[in-house]
Every structure is written in C-alpha cells, then in structure tokens.
Amino acid sequence: MTLTLLAGPAEEPVSLAEARAHLKLDATEEDALLTALLTAARATLEAETRRAFVAQNWRLTLDEWPVGPIAIPLAPVAEVTSVKVAALSGAMLPLDPGFYETETGEHPRIAVKSGQAWPMPATRLAGIEIGFTAGYGAVADVPMPLRQAMLMLAAHWFEHREPVGDGANLPRTVSALVKPFRRMRL
C-alpha cells in the first residue's frame with residue numbers, strides 16, 4: 001500500500017501574517033524561512049495525526065484487493081474520485097462508480113457492492129489505484145486546535161534553530177493540541 005500526494009493544499013492553514021503576528025515580527029527578512037517552517041509544521045502534524053488539513057488530492061496504490069472493505073489510511077476524505085485497475089495493455093482502467101460503495105469522512109472505506117467481485121489487475125504490483133480528495137476543505141474549515149498547533153510548532157522551530165531534545169517528540173503543548181485528532185493504527 002502506497003500513498004502518493006498528487007496535488008497539495010492551495011494554501012497553508014496558517015498564513016504568514018498570522019505567524020508574524022504570533023512571533024511579534026515587524027521585519028520581513030525572515031519571511032522565506034517562516035513560510036518554509038509553516039509548510040514543514042503542517043506536513044509534520046499531518047503525518048503525526050494521519051490527517052490532511054486543507055483539501056489535497058491523493059492516490060492509494062495497492063498490489064491486490066484485500067478481503068473486506070479497503071480502509072483509506074488518511075482522513076477526513078471528502079470524495080473518492082476514481083478506482084482504477086491495470087489492464088493487459090498496461091493502462092489503468094477506471095471502474096464504474098456504480099460497482100463499488102464509498103464511505104467518506106472520518107473513517108473512509110471502499111467496498112465492492114454486494115454480489116459483485118473486484119476485477120483482478122493484470123499485474124501483480126501496483127495494479128490498483130484509488131484516487132481521493134482528503135482534508136477538511138478550506139482553511140476556515142480546519143479545526144482551530146490543529147491551526148494553533150501548527151502555529152506553535154513553526155514558532156518553536158523559528159525560535160530554536162538548533163536541534164532541541166531527542167527530536168522524536170513534539171513540544172508538549174503542540175502534542176496536547178493534536179492528541180484528540182490522532183488516528184490510531186490498528
């Protein structure tokens with residue numbers, strides 16, 4: 001199972017102006033660094049929570065169909081845009097959406113409809129592709145604790161430019177903010 005980002009968010013959940021205000025910065029010399037830190041903070045917290053914050057397009061690639069529904073390992077999912085299977089020609093052929101059912105939101109899944117069977121891909125490796133849009137939607141839809149955690153993490157990195165701690169843990173306040181949003185692995 002491989003997740004591939006196809007199109008990232010159109011904008012970051014925390015703006016440069018918000019970050020500059022939080023850090024009480026008037027000068028603009030560090031704007032490039034602060035912008036990079038905001039992007040890194042979002043990516044770090046998305047990985048930590050297994051969530052997409054702002055709408056993004058993704059592809060899940062599988063070698064074979066699992067038994068039972070396919071759990072999408074990222075949330076929230078707004079829409080499953082395609083399910084494709086490798087053909088003998090090597091092309092990825094889309095399946096009719098009437099052939100399968102989707103559950104979006106916090107626990108996204110896909111299952112073949114009752115009485116149907118998934119078609120076998122013509123290749124053993126990466127023969128199944130599922131396209132989907134994940135994220136809360138627009139910046140205004142991202143929960144405030146996640147936005148605050150992102151702002152605090154970027155500010156922490158801005159103020160502590162050398163490695164701090166063991167590098168394995170988030171600052172406690174950031175960790176506390178994202179804890180309710182972590183998706184557990186089973």
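Please read these numbers as outputs of a predicted model, since none were measured by experiment. Just so you know, these numbers use all the heavy atoms, side chains as well, and skip hydrogens, waters and symmetry mates.
Contact annotation: the side chain of D31 never approaches that of L25 to less than 4.5 Å [non-hydrogen atoms, C-beta and beyond]. Residues H156 and V174 have side chains not in contact (no heavy-atom distance under 4.5 Å, counting atoms from C-beta outward). At least one side-chain heavy atom of L60 sits under 4.5 Å from a side-chain heavy atom of I70. At a threshold of 4.5 Å between non-hydrogen side-chain atoms, the residues T44 and W157 count as touching. With a 4.5 Å cut-off on side-chain heavy atoms, R147 and L151 do not count as touching. You'll find the side chain of R50 stays beyond 4.5 Å of the side chain of R182, heavy atoms only. Under the 4.5 Å side-chain criterion, counting only non-hydrogen atoms from C-beta, Y136 is not in contact with P13. Within the 4.5 Å cutoff, the side chain of E64 has no heavy atoms near those of the P121 side chain.
Annotation: the span from R59 atom CZ to L5 atom CG amounts to 10.5 Å, rounded to 0.5 Å. To the nearest 0.5 Å, atom NZ of residue K179 and atom CZ of residue R172 are 13.0 Å apart. The structure places CE of M150 at 13.5 Å from CG of L177, a figure rounded to the nearest 0.5 Å. Separation of atoms CZ (F99) and CD1 (I110) is listed at 12.5 Å; rounding is to 0.5 Å. Between atom CG of residue L93 and atom CG of residue L88 there is a gap of 9.5 Å, rounded to the nearest 0.5 Å. One finds the CG atom of L16 at 7.0 Å from the CG atom of L38 (value rounded to the nearest 0.5 Å).
More than 12 non-hydrogen atoms from other residues, nucleotides or ligands lie less than 6.0 angstrom from CD of E30. When the shell of 6.0 Å around CG of D26 is examined, it contains 12 or fewer heavy atoms from other residues, nucleotides or ligands. A 6.0 Å sphere centred on CZ of R20 holds more than 12 heavy atoms belonging to other residues, nucleotides or ligands.
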Working for side-chain contact (heavy atoms from CB on, under 4.5 Å), residues T173 and Q148: CA-CA 10 Å; T173 52; Q148 185 65 31; over 6 Å; no

* Asked: T104 and E79: side chain to side chain donor-acceptor pair (under 3.5 Å), yes or no, with the steps?
  -> CA-CA 6 Å; T104 57; E79 175 187 22; over 6 Å; no

message = Run the side-chain contact (heavy atoms from CB on, under 4.5 Å) test on V77 and T102 for me, step by step, so that the C-alpha distance in whole Å, both residues' side-chain angles and the decisive distance to 0.1 Å come before the verdict.
response = CA-CA 10 Å; V77 169; T102 62; over 6 Å; no

Report task. List the steps, then state whether side-chain contact (heavy atoms from CB on, under 4.5 Å) holds for L45 with L146. Result -> CA-CA 8 Å; L45 295 175; L146 294 174; 5.9 Å; no

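Checked against W58 for a side chain to side chain contact (heavy atoms under 4.5 Å, CB included), the options I72, L6, L74 give a single hit: L74.
A continuous path of Ile, Leu, Val, Met, Phe, Trp and Tyr side chains, each step under 4.5 Å between heavy atoms, connects Y100 with I130, placing both in one hydrophobic cluster. By the rule that hydrophobic residues join a cluster once side-chain heavy atoms approach within less than 4.5 Å of another member, M1 and I128 end up as members of one cluster. A continuous path of ILVMFWY side-chain contacts below 4.5 Å connects V112 to F132, so both sit in one hydrophobic cluster.
Side chain of R161 to backbone of F158: a donor-acceptor contact under 3.5 angstrom is found. Within the 3.5 Å criterion, the main-chain N or O of G135 finds no donor-acceptor partner in the side chain of Q56. Judged by distance alone, with hydrogens and angles left aside, the side-chain atoms of T49 form no donor-acceptor pair with the main-chain N or O of F181 at under 3.5 Å.
Listed by first then second residue, pairs satisfying side chain to side chain donor-acceptor pair (under 3.5 Å) with a partner in residues 114-135 read N57-T133, not counting sequence neighbours.
Nearest heavy atom pair, residue K84 against residue P94, reads CG-CA, 3.8 Å. In this structure, P108 and R183 approach most closely via the heavy-atom pair CD-NH2, 4.1 Å. The shortest non-hydrogen separation linking L153 to P171 is CD1-CD, 3.8 Å. Taking every heavy atom of both residues into account, A155 and H22 meet most closely at CB-CD2, 3.6 Å. In plain terms, the two heavy atoms of V54 and E46 that are nearest each other are N-OE2, 4.4 Å.
Salt bridge annotation for E11-R42: absent, with no cationic side-chain nitrogen under 4.0 angstrom from a carboxylate oxygen.
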